[in-house]
Amino acid sequence: MLVYCYFVNIVFFLCFFPYFKLIPNITAEVQPFCGFVALFLIFLRKRKLDPISQKILYIIALLFFYLLISFYRGLGFSTLVLSIISYTLPLFILLVFKDDISYVTEKTFLSVILINLSIGILQLLGGFGFLNNILALIISRGTGSSSLDGLRGITLLTPEPSHAGRTLGLLLCTAFFFHALRRISKIKLGAIIVALIILLVANKSGTGFILFSIFICSYLLSRFILNKGKKLNFKIKFSAAFLFKLIISILLGVLVILALWFSIDALYIRFPIRFLQILLRIRNSFSNFYNFNLYHFLALVAGKRYLTVAIGYFSLFQNYGLGHGLSSYLMDFTQLSQFAGVDFQSITTLPLFERTATALKPDSYGASIAQDTGIVGLILLLTLLISVWKSVRLPNVMDLPPSYLRHTQSVCIAIFAVALYMILLNTSTSLPFPWLLLSYVYCLRQILTSGQIKAISPSSSASPFNWVFLRSVLWTPYLLSPLLFQRLMRKLV
């Protein structure tokens, strides 16, 4: 059992670094190594055939059926094998961690934080030329340097800043998950949040800001809506105090939006980061409302990503909703884009190679499975998500205070919202991030019911590893303060 726990922690660790070139002769940016190890773990112990496992098996069976259809259409065997691997291996992550997440230690997660923080500091400081050569060997399109003066930020151990933004979103959700399990204290959680905010500002990607915003807004909204009684439910008491708080919150939100709307130009001139660039493009698009074009707007905001996602979902209305087979984008991309009304050549904001591309894969698991397997595959995926969502309603545990249960339930809702956004709108099919998040949501209920929640022991908080972790994170702002102050003054002067 001890060896099995080691393997579970190894898979958990590898889920945060899916871009490492651990398997040769695979040109994909997301490497499936952690999925292969997860598949090995599935056969090492007996598992119950619960509703989650049943729906995953249905999806896998449907994928193999459409693999035969694609093979009949003439696609190469190696292409189809890579396609089925990219679809199924992330599902194995959910199968493993929905039962075995309790075996993961907080030291494994804290080591992931320290690695990303160290790499982020090296990239932020710049001048470390050797890092370029190292990352180029282990990561596709890996770079080791960045500057606060440019539009693009740090990439961490990923090919580009947007991928690093997804990693930061996963780290934020995982930190709150371990805090909900009482594996890390409030001090550690605060230190992790400080470190992630530093990396997020240095990352500059819109993806990172969107994921952080989804998590924060979902958490605050759920805490605001949940009843404050002993029983956890979603009933809203429309009292005078509730309505007053609701009106104040709406007014504050409107004021913040108006402030950004009128000051975005000055902010972007001073701080040209990707997130502010997206907000500026959104404002300019809606300012010219009569000439508004949805596809041009999506291209301005996120390049080709949301365009390919839209094409994937629009394909449901073609071929009677039966799908087009695995890797159908290789054969039907031009036809599907014309059916969806997307003219890539007319969208001048896209790079030339994207405007003239003849095969672009949907950058979303949901859109890909809708395009390849049709309405049946999308319905199976949605039923799987609904089964996980049912776990959000946590049981009332007599030994735990209601305030803790409300906080934990809000964390579950926020994590599920981030996973839902990733699966349906913004992630590659083989990326394990959203499926790891779904395992958090599902297993929290099981852990609470089994009584495995325990208070943090003083001895564990005072261990040498925790001492090094806290000192490393807390000293980070002091190490970076001269650099940040110098570049900030360069912007303001």
Side-chain angles (χ1 to χ4, degrees), residues 2 4-20 34 37 93 96-97 100-124 154 156-158 164-203 208 211-212 215 407-408 411 414-415 418 432-433 436-437 439-440 443-444 447 452-480:
L2 184 61
Y4 183 83
C5 293
Y6 281 135
F7 274 107
V8 171
N9 280 270
I10 290 173
V11 176
F12 181 80
F13 181 85
L14 291 175
C15 284
F16 290 86
F17 305 103
Y19 303 98
F20 282 2
C34 61
V37 184
I93 298 295
V96 168
F97 287 108
D100 300 334
I101 196 68
S102 57
Y103 296 139
V104 178
T105 64
E106 63 274 15
K107 292 183 180 180
T108 304
F109 171 61
L110 296 181
S111 62
V112 173
I113 292 286
L114 284 178
I115 291 173
N116 281 281
L117 183 61
S118 303
I119 296 296
I121 292 174
L122 288 175
Q123 292 178 346
L124 187 59
I154 61 175
L156 300 179
L157 294 173
T158 67
R166 292 172 185 160
T167 302
L168 294 177
L170 175 64
L171 291 173
L172 177 70
C173 295
T174 308
F176 275 87
F177 170 73
F178 274 95
H179 178 256
L181 291 180
R182 295 187 172 181
R183 299 281 186 87
I184 59 176
S185 63
K186 289 183 178 180
I187 297 177
K188 287 183 188 175
L189 178 63
I192 292 172
I193 292 174
V194 170
L196 293 180
I197 289 176
I198 293 173
L199 295 177
L200 178 66
V201 173
N203 174 245
L211 294 177
F212 271 62
F215 182 89
H407 163 73
T408 304
V411 169
I415 293 176
V418 173
F433 291 177
L436 186 61
L437 294 178
S439 70
Y440 296 166
C443 75
L444 259 176
I447 294 175
Q452 298 181 26
I453 299 292
K454 299 179 181 179
I456 301 172
S457 61
S459 59
S460 64
S461 299
S463 66
F465 182 86
N466 293 328
W467 186 90
V468 172
F469 171 77
L470 284 176
R471 297 310 184 273
S472 302
V473 174
L474 293 177
W475 273 99
T476 299
Y478 295 99
L479 293 174
L480 295 179

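Taking every heavy atom of both residues into account, Gln123 and Ile154 meet most closely at OE1-CB, 3.3 Å. Between Ala164 and Asn203, the shortest heavy-atom contact is CB-ND2, 3.4 Å. Annotation for Ala175 and Ile184: closest pair O-CD1, 3.4 Å, computed over non-hydrogen atoms.
No side-chain heavy atom of Cys34 sits less than 4.5 Å from a side-chain heavy atom of Phe17. A 4.5 Å side-chain heavy-atom check between Val11 and Asp100 finds every atom pair outside the cut-off. Between His179 and Lys188 the shortest side-chain heavy-atom distance does not fall below 4.5 Å. Looking at Leu171 and Ile192, their side chains never come closer than 4.5 Å, going by heavy atoms from C-beta outward. Side-chain contact between Leu14 and Phe20 is absent, with no heavy-atom pair separated by less than 4.5 Å. Within the 4.5 Å cutoff, the side chain of Leu181 has no heavy atoms near those of the Glu106 side chain. Looking at heavy atoms from C-beta onward, Leu189 lies out of side-chain contact with Phe178 at the 4.5 angstrom threshold.
The only member of Phe109, Phe212, Phe215 that meets ring-ring contact (aromatic ring centres under 6.0 Å, His included) when paired with Phe176 is Phe215.
Arg166 contributes no side-chain N or O that, together with a main-chain N or O of Leu211, makes up a donor-acceptor pair within less than 3.5 Å. Between the side chain of Asn9 and the backbone N or O of Tyr103, at least one donor-acceptor pair lies under 3.5 Å.
A distance of 9.5 Å separates OG in Ser439 from CG in Leu444, rounded to the nearest 0.5 Å. Atoms CD1 and CG, on Ile415 and Leu172 in that order, are 8.5 Å from each other to the nearest 0.5 Å. Of the inter-residue distances, the one linking Cys443 atom SG with Phe97 atom CZ reads 10.5 Å to the nearest 0.5 angstrom.
For residues 168-177, the set of pairs meeting the salt bridge (charged side-chain N to carboxylate O under 4.0 Å, His left out) definition, not counting sequence neighbours, is empty.
Thr105 and Thr108 share a side-chain donor-acceptor pair at under 3.5 Å.
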Could you list the donor-acceptor pairs under 3.5 angstrom formed by side chains in residues 114-121, with sequence neighbours left out?
residue	atom	partner	partner atom	Å
Asn116	ND2	Val112	O	2.9
Ser118	OG	Leu114	O	2.7

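Residues satisfying the ring-ring contact (aromatic ring centres under 6.0 Å, His included) criterion with Phe7, sequence neighbours excluded, are Phe40. Under the ring-ring contact (aromatic ring centres under 6.0 Å, His included) criterion, Phe177 pairs with Tyr440, sequence neighbours left out. Residues meeting the side chain to side chain contact (heavy atoms under 4.5 Å, CB included) test with Ile197, sequence neighbours left out: Ile193, Val201. Applying the side chain to side chain contact (heavy atoms under 4.5 Å, CB included) rule to Leu170 yields the partners Phe16, Thr174, Phe433, Leu436, Leu437; only residues at least two apart in sequence or on another chain are considered.
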